Protein chains: 2
Amino acid sequence: MAAKESNSSGAGDPARTLELLWRDGSAAPAGRRGPRQGLTVDAVVDAALALADGGGLDALTMRAVAQELGVTPMTLYTYVPGKAELLDLMLDAVFLRMDRPPFGPDEPWRTRVTAIADANRALFPRHPWLVELRIVRAPLGPGVMNKYEYELAAFEGLGLDDVARDSALTYVLGFVQSGARAELDARAVERESAMSDGEWWDAHEPLLARALDESRFPLATRVGEAAAIAYNGLYDAAHAYRFGLARVLDGLAALGARAE
Amino acid sequence: MAAKESNSSGAGDPARTLELLWRDGSAAPAGRRGPRQGLTVDAVVDAALALADGGGLDALTMRAVAQELGVTPMTLYTYVPGKAELLDLMLDAVFLRMDRPPFGPDEPWRTRVTAIADANRALFPRHPWLVELRIVRAPLGPGVMNKYEYELAAFEGLGLDDVARDSALTYVLGFVQSGARAELDARAVERESAMSDGEWWDAHEPLLARALDESRFPLATRVGEAAAIAYNGLYDAAHAYRFGLARVLDGLAALGARAE
DNA sequence: GCTTACTTTATACACTGTATAGAGTAGCCT
DNA sequence: AGGCTACTCTATACAGTGTATAAAGTAAGC
């Protein structure tokens with residue numbers, strides 16, 4: 001099997017993956033021949049998390065994880081079937097460690113949904129690789145399950161049936177992830193280009209006579225300038241989140257009203 | 001400068017990039033020394049588009065583009081400064097070729113916004129690489145400018161000020177892109193794993209006693225099953241789009257009402 | 001003490017974007 | 001005409017990826 005660098009999750013042998021996801025840390029490996037293993041799956045996952053948290057998926061190479069742990073790259077393959085499964089384990093671990101404060105019984109749904117949106121948004125600065133990952137067929141480990149259970153409860157009282165509740169959660173999480181991705185992309189470009197948005201604009205603007213032609217693009221030039229002033233730059237992630245979340249909640253409120 | 005494979009846009013020398021974006025196809029290259037160029041920038045961009053449209057960014061390698069055009073890889077670098085700039089040109093070309101039927105003067109804003117959402121959604125099946133690309137500091141070429149001008153007009157009559165109009169457009173486009181990404185990710189995983197969602201589920205379900213424990217995860221198991229039945233699978237992109245777009249429009253309507 | 005299962009290591013492959021250096025071509029000036 | 005020079009195009013090279021494969025080392029069970 002070739003490399004392909006797909007950064008996807010949900011590949012590989014299901015039984016082995018699920019066994020790893022629900023593994024017991026306590027496992028006493030009694031009666032196995034050969035040398036005892038010098039590491040644990042948890043150690044591998046933690047080392048991988050440290051690398052990816054610090055430098056994104058680019059920094060997460062099997063060679064780097066191995067070096068971090070003081071072994072050669074191929075050693076990792078006795079703990080984990082491959083990189084795809086390692087990503088599954090990392091994702092479930094992050095979800096498992098999320099804080100899940102219980103909802104008050106008469107907390108309004110807007111507060112609860114805002115809370116889960118905020119909690120998900122808070123994930124990304126700490127784990128920037130989450131926006132690079134294709135999360136399809138989420139690994140059904142303890143982290144994923146607990147998170148899903150908890151977040152579905154946020155929609156209690158909105159008057160949605162089960163299918164609409166799942167759709168609503170997908171919708172909210174999609175919104176949060178979309179904004180986080182835009183924000184992290186913007187920050188990555190600033191870092192890689194060693195140029196702030198302001199510097200980039202200053203470099204381009206003198207050359208942009210054709211693009212910024214007010215007679216050809218009256219709306220674009222006017223609105224673009226107003227937005228640039230209001231955002232104090234090309235893109236204001238915090239503003240986009242506030243604006244979008246208010247729209248999301250209003251949209252859900254309209255759905256709830258219709259359902260009643 | 002090392003490779004890094006960042007698939008970003010908005011890098012490189014601004015003047016050169018802008019010159020390429022606003023290039024004249026008609027350019028008579030009179031009075032240049034040395035052999036005449038055997039290709040054109042347009043030919044390079046078209047070859048790159050054909051490759052990326054067919055096989056995503058994985059298929060878009062400088063070597064493949066060169067082979068398609070019957071030259072050696074390094075030849076491309078006389079037409080285009082590098083891969084990042086090539087991606088900028090591809091993106092602007094795609095936007096430039098979008099259909100932009102004029103809006104009727106008393107067409108309601110919901111119809112217009114739905115139209116631009118649909119048009120953007122329609123981009124992705126044809127150009128799957130659009131979801132893989134980090135679009136930051138969009139290349140300010142003719143395609144980007146015309147698209148922005150056109151799409152801003154869709155919000156006429158909603159009663160938004162300029163800043164809110166830009167935010168609303170960003171919000172709508174983010175929603176569409178987010179859904180398209182999820183859909184294409186799902187399809188890519190089906191292809192790469194050579195396993196449909198149904199087969200994947202059949203492989204996992206017998207092993208999932210712990211995950212699907214109804215007493216530990218009552219909501220998750222109930223809602224998950226209802227959704228799986230309703231979607232006829234793990235994920236129904238068309239359903240998510242319909243659901244989400246209705247929520248987006250309702251959210252914008254609430255904003256408009258507030259602004260009036 | 002031999003077999004056997006296991007852990008760990010070393011090497012190898014095909015592929016990426018592009019820096020660098022060189023070979024070949026043709027317009028311009030004397 | 002002949003040389004300079006700007007230009008196009010080619011060949012080679014580098015450091016890096018995930019992991020297949022094969023070999024070397026280790027310890028439990030008979």
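Nothing here was measured: the structure is a model prediction, and the numbers come from that model. FYI, side chains are in, hydrogens and waters are out, and symmetry mates aren't considered; it's all heavy atoms of this structure. Within every chain, numbering begins at 1; the chains are lettered A, B, ... in the order of the sequence lines, protein sequences first and strands thereafter.
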(message) Does C/dT8 have OP1 or OP2 under 4.0 Å away from a side-chain N or O of A/Y79?
(response) yes
(message) On the nucleotide C/dT8, are OP1 or OP2 found under 4.0 Å from the side-chain N or O atoms that A/T78 carries?
(response) yes
(request) With the side chain of A/M62 defined as its heavy atoms from C-beta on, choose the nearest nucleotide among D/dA11, D/dT19, D/dC7. (result) D/dT19
(request) For the pair A/R23 and A/D92, find out whether any cationic side-chain nitrogen is under 4.0 Å from an anionic carboxylate oxygen. (result) no
(message) Quick check on C/dA19: is either OP1 or OP2 less than 4.0 Å from any side-chain nitrogen or oxygen of B/Y77?
(response) no
(message) Counting only side-chain heavy atoms from C-beta out, which of D/dT26, D/dA11, C/dT9 sits nearest to B/T72?
(response) D/dA11
(message) Ignoring hydrogens, what is the shortest heavy-atom contact between A/E132 and A/L57? Give both atom names and the distance.
(response) OE2-N, 3.1 Å
(request) Starting from P on C/dT7, measure out to CG on A/L69 and report it in whole angstrom. (result) 16 Å
(message) Need one value for B/L86: base, sugar-phosphate or nothing, where a base atom within 4.0 Å counts as base even if backbone is also close, heavy atoms only.
(response) nothing
(request) Calculate, to the nearest 0.5 Å, the distance between atoms CG and CZ belonging to A/N146 and A/R100 respectively. (result) 5.0 Å
(message) Just the rounded figure in Å: distance from C1' of D/dG25 to CE of A/M74.
(response) 17 Å
(message) With nearest nucleotide decided by heavy atoms, which residue, B/V71 or B/R63, maps closer to the 5′ end of DNA chain D?
(response) B/V71
(request) Would you please say whether a donor-acceptor pair under 3.5 Å links the side chains of A/Y148 and A/D166? (result) yes
(request) Using the closest heavy atom to pick a nucleotide of DNA chain C for each, name whichever of B/T61 or A/P73 lands nearer the 5' end. (result) A/P73
(message) The side chain of A/K83 is closest to which nucleotide in this list: C/dT20, C/dT8, D/dG18?
(response) D/dG18
(message) Quick check: do A/E183 and A/F124 have side-chain heavy atoms less than 4.5 Å from each other?
(response) no
(message) Over all strands shown, is A/L39 touching base, sugar-phosphate only, or nothing at heavy-atom distances under 4.0 angstrom?
(response) nothing
(message) Measuring to OP1 and OP2 of C/dT9, would you say a side-chain N or O of A/T75 lies under 4.0 angstrom away?
(response) yes
(message) Side chain of A/R36 only, heavy atoms from C-beta on: which candidate in D/dA28, C/dT7, C/dT20 is closest?
(response) D/dA28
